[in-house]
Amino acid sequence: MPKRVAIIASIWRYLSHAQHMGDRFLIGYPLAGEWHKPGVEVVSLYVDQKPQGDQSEARAKEFGFKVYPTIAEALRCGTDKLAVDAVMIICEHGEYPNNEKGQKLYPRYEFFKQCVDVFEKDGRAVPVYNDKHLSWSFEK
């Protein structure tokens, strides 16, 4: 039985990190001269922003998963308990403010924290892949 994966993303549009990585799990990729489809199933998605060119709803419809309005709902797949085997956080791209150093304030830590909140409330944790560093802030 394939592992159930939730994708948590800032945006999902053509050439975004979420599209590149998510599509590898949805449709596969070439490996050693053959097409390889990972033994996982994307079962839910949370997208923070839906700019022009958003592909999240189209991908969900094509591959049979749901786009949820919150991270907690995506991890629980609309139920009251954690319902995935792994989480992939891809927070790159989107309209977010910059700090005084010119750093884009992507909410990577906040996305991760919301996942941990679900783990704590539901009494179970699953592996989390976090694309990029966890935060622009050392304190976080």
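Side-chain atoms of Glu73 and Thr70 include a donor-acceptor pair closer than 3.5 Å.
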Could you list the donor-acceptor pairs under 3.5 angstrom formed by side chains in residues 36-43, with sequence neighbours left out?
residue, atom, partner, partner atom, Å
His36, NE2, Tyr29, OH, 3.4
Lys37, NZ, Phe25, O, 3.3
Lys37, NZ, Leu26, O, 3.3

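A continuous path of hydrophobic side-chain contacts links Ile90 to Val47 [ILVMFWY only; heavy atoms under 4.5 Å]. Linking ILVMFWY side-chain heavy atoms closer than 4.5 Å, directly or via other members, places Ile11 and Met21 in two distinct hydrophobic clusters. Under the 4.5 Å side-chain contact rule for hydrophobic residues, Val118 and Phe112 share a cluster.
Residues Tyr129 and Val5 fail the side-chain proximity criterion, which asks for heavy atoms closer than 4.5 Å. Two residues are said to be in side-chain contact when any heavy atoms from C-beta on lie closer than 4.5 Å; Lys113 and Asp117 meet this criterion. In this structure, the side chains of Phe63 and Ile27 come closer than 4.5 Å at one or more pairs of heavy atoms. Taking 4.5 Å as the limit, some side-chain heavy atom of Val67 sits within range of a side-chain heavy atom of Lys50. Residues Val128 and Ile8 have side chains not in contact (no heavy-atom distance under 4.5 Å, counting atoms from C-beta outward). Residues Lys104 and Asn98 form a side-chain contact, since some pair of their non-hydrogen atoms from C-beta on lies under 4.5 Å apart. Between Asp48 and Tyr96, the closest side-chain pair of non-hydrogen atoms falls below 4.5 Å.
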CA sep, side-chain torsions, deciding dist, call: Val126, Val87, side chain to side chain contact (heavy atoms under 4.5 Å, CB included): CA-CA 7 Å; Val126 299; Val87 180; 3.9 Å; yes
What verdict does the side chain to side chain contact (heavy atoms under 4.5 Å, CB included) test give for Ile89 and Tyr109, after you've listed the backbone C-alpha separation in whole Å, the side-chain angles of each residue and the deciding distance to 0.1 Å? CA-CA 10 Å; Ile89 300 173; Tyr109 172 79; over 6 Å; no
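Screening Val84, Ile71, Asp122 against Arg76 for a side chain to side chain contact (heavy atoms under 4.5 Å, CB included) leaves a single residue, Asp122.
More than 12 heavy-atom neighbours from other residues, nucleotides or ligands sit within 6.0 angstrom of NZ on Lys132.
When all heavy atoms of Asp54 and Gln49 are compared, the closest pair comes out as OD1-O, 4.5 Å. Between Pro107 and Glu110, the shortest heavy-atom contact is CA-OE1, 3.1 Å.
With side-chain heavy atoms closer than 4.5 Å counting as contact, directly or through intermediates, the hydrophobic cluster containing Leu15 also holds Tyr14.
One finds a salt bridge joining Arg59 and Glu62 here, because a Lys/Arg side-chain nitrogen approaches an Asp/Glu carboxylate oxygen to under 4.0 Å.
Atom CD1 of Ile7 and atom CH2 of Trp12 lie 4.0 Å apart (nearest 0.5 Å).
Among residues at least two apart or in separate chains, side chain to side chain donor-acceptor pair (under 3.5 Å) pairs with a member in residues 80-94 are Glu92-Arg108.
Ring planes of Tyr46 and Phe111: perpendicular class, angle over 60° (limits at 30 and 60°).
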